[in-house]
> 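Here you go, one structure.
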Amino acid sequence: MANSKSGVKNQTALLAAGHWLILSVAINVGLLLKLIHDGNLRIDWYGQQNVQDNGGRHSSYAAERKPDGQIQNEYINLDHGDPTMYQSYWKQMGDRTDVVISGWQSVSYFSDTKTVCWFLEPGFANAVTRLHKLVGNAETGNRHIVVGTGSTQLFQAVLYALCPYDAPEPMSIVSAAPFYSSYPLITDCLKSGLYKWRGEVDDFNKEAPYIELVTSPNNPDGSIRGAVFNGSGQILVHDVAYYWPQYTPISSRADHDIMLFTLSKSTGHAGMRLGWALVKDEAIAKKMVKFVEISSIGVSKDSQVRAAKILDVISDSYEDSKASNESKRFFDYAQEEMAKRWSQLREVVNKGQAFSLPVLPAGECNFSHHTFATQPAFAWLKCEQVDDCESFLKTHKILTRGGVHFGSTKKYVRASLIGREEDYNEFIRRLSLINSGESP
Ligand SMILES: Cc1ncc(COP(=O)(O)O)c(C=O)c1O
């Protein structure tokens with residue numbers, strides 16, 4: 001009796017589970033069809049789901065591209081500054097950048113360093129110093145290197161280090177527009193009592209301490225910048241992520257008190273998540289280290305070991321005549337690639353009335369000895385005939401980031417020029433069709 005009762009119970013449970021399964025499959029298929037119908041979900045050729053949320057921001061990325069020709073009907077995503085352009089160069093380098101990391105390595109939190117940054121790998125520090133000396137883009141003497149999980153973490157560390165804990169008001173964080181769109185998001189994300197994003201403003205007390213972010217070459221418009229607010233309370237943070245010879249002529253060694261660099265935009269290894277700060281003042285460097293300690297107890301040693309190898313391979317190719325003959329050297333490749341992309345972009349923009357681009361300064365590069373105009377990682381594109389440039393380009397399946405995110409207007413968008421070649425070529429093809437009045 002007990003057995004037949006439990007048998008009935010089991011049957012009922014099975015039936016209920018079966019109904020629930022059928023119902024949930026139906027609901028999910030329905031949802032899926034609706035998403036596809038609404039254009040919010042693309043199931044890509046490579047089997048990844050790519051959710052077009054908010055203009056494609058924070059959508060997933062494809063590791064590999066589609067076969068030629070298929071791209072013509074796809075959205076092309078130029079919203080992020082994902083430096084995938086560089087991948088083809090590093091593929092050509094074959095095994096020269098390979099690193100073997102054994103299981104016994106990276107066990108300790110601590111690095112074998114004598115610097116204030118207790119999680120800094122000596123090999124990485126040496127490689128950074130060596131490359132800056134070679135390129136001549138930053139002064140490294142009498143400075144502390146602080147490594148971070150991307151320059152994004154170092155930006156937060158700088159804010160923490162510079163803002164007194166007991167100030168009556170949060171410190172103002174200012175930057176001339178157009179400014180890098182992540183600054184306001186990072187600054188205000190935790191509603192800190194230490195600092196507050198103000199952006200480009202005039203109504204703040206310039207006599208009291210404030211932090212001005214100076215990004216040069218600037219993201220998004222590529223301009224070469226100095227401080228603009230010039231109050232007696234000014235503390236400057238220089239974000240020099242793009243001060244490398246593929247983007248702009250190196251005119252002198254940057255010699256600022258606090259400079260932020262990143263692997264993402266120098267070698268293109270955004271996925272290693274490494275940045276470094278060159279900091280003059282020891283107390284500030286120590287507070288930055290404290291922040292990294294509190295927020296992530298250091299920075300991946302594996303990434304630092306890999307990054308050291310990449311940076312050393314670049315330096316070797318310029319310093320060692322045998323290595324220099326083996327293949328094209330990194331900055332030569334990257335400078336030429338950026339020059340090619342900018343010349344194609346300017347040509348297509350100049351052919352019609354729909355768009356315009358900023359005019360950027362030219363000069364001789366102390367590193368390459370070439371004379372060229374700044375050729376930034378992004379195009380700061382102005383739509384001359386429509387008010388909402390981002391939406392307009394989206395109708396042509398080109399995803400960009402609208403000017404409002406950078407403290408500017410909807411007339412502008414930022415489009416990444418450091419993505420994969422096929423996306424870039426398709427972007428040029430579509431701009432050309434728009435400019436000639438045809439529908440892509
Ligand atoms: C000006 C600027 N600073 C910082 C970063 C962030 O770099 P990371 O990838 O090292 O966090 C970027 C990335 O786009 C940037 O453009």
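Treat the numbers as computed from the prediction; the structure is a model and nothing was measured. Numbering of ligands and ligand atoms starts at 1, following listing order.
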> Taking atom types as modelled and ignoring hydrogens, do the side chains of Tyr86 and Gln246 form a donor-acceptor contact shorter than 3.5 angstrom?
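There is such a pair between these side chains.
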> Quick check on Gln353: does its CD atom have over 12 non-hydrogen neighbours (other residues, nucleotides or ligands) under 6.0 Å away?
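12 or below, so no.
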> How far is atom 5 (C) of ligand 1 from its nearest protein heavy atom, and which residue and atom name does that atom have?
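Closest protein heavy atom to atom 5 (C) of ligand 1: Tyr180 OH, 3.5 Å.
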> Within the structure, is a non-hydrogen atom of Arg273 found at a distance of less than 4.0 Å from ligand 1?
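Per 4.0 Å heavy-atom rule, Arg273 contacts ligand 1.
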> Check whether the side chains of Gln153 and Ser295 place a donor and an acceptor atom closer than 3.5 Å, and report yes or no.
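There is such a pair between these side chains.
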> Determine the sole option in Thr400, Leu381, Asp79 for which the side chain to side chain contact (heavy atoms under 4.5 Å, CB included) test with Glu390 is passed.
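Result: among Thr400, Leu381, Asp79, Thr400 is the only option passing the side chain to side chain contact (heavy atoms under 4.5 Å, CB included) with Glu390.
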> Can you check whether Lys196 reaches Thr187 side chain to side chain, under 4.5 Å on heavy atoms?
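When only atoms from C-beta onward are counted, Thr187 and Lys196 do not touch, as no gap falls below 4.5 Å.
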> Which word best sums up how the rings of Phe155 and Tyr183 line up, parallel for under 30°, tilted for 30 to 60°, or perpendicular for over 60°?
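Answer is tilted, since the angle falls between 30° and 60°.
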> Looking only at protein heavy atoms, which one is nearest to atom 3 (N) of ligand 1, and what is the separation?
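Result: Asp239 OD2, 2.7 Å.
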> Relative to ligand 1, is Tyr242 under 4.0 angstrom through side chain, backbone, both or neither, heavy atoms considered?
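Only the side chain of Tyr242 comes within reach of ligand 1.
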> Any nitrogen or oxygen of Thr215, side chain or backbone, less than 3.5 Å from one on ligand 1?
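Between Thr215 and ligand 1 (N or O atoms, distance only) the closest approach is not under 3.5 Å.
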> Identify, for atom 11 (O) of ligand 1, the protein heavy atom at the shortest distance, and state residue, atom and that distance.
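For this ligand atom, the closest protein heavy atom is Thr152 OG1, 2.5 Å.
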> Measure the distance from atom 9 (O) of ligand 1 to every protein heavy atom, then report the residue, atom name and distance (to 0.1 Å) of the closest one.
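The closest heavy atom on the protein side is Ser264 OG, 2.6 Å.
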> Would you tell me whether Ser181 and Arg401 have side-chain atoms, one donor and one acceptor, within less than 3.5 Å of each other?
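Per modelled atom types, Ser181 and Arg401 side chains form a pair under 3.5 Å.
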> Does only the side chain of Ser151 get under 4.0 Å from ligand 1, or the backbone, or both, or neither? Count heavy atoms.
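Both parts.
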> Lys265 versus ligand 1: do any nitrogen or oxygen atoms come within less than 3.5 Å of each other?
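Between Lys265 and ligand 1 (N or O atoms, distance only) the closest approach is under 3.5 Å.
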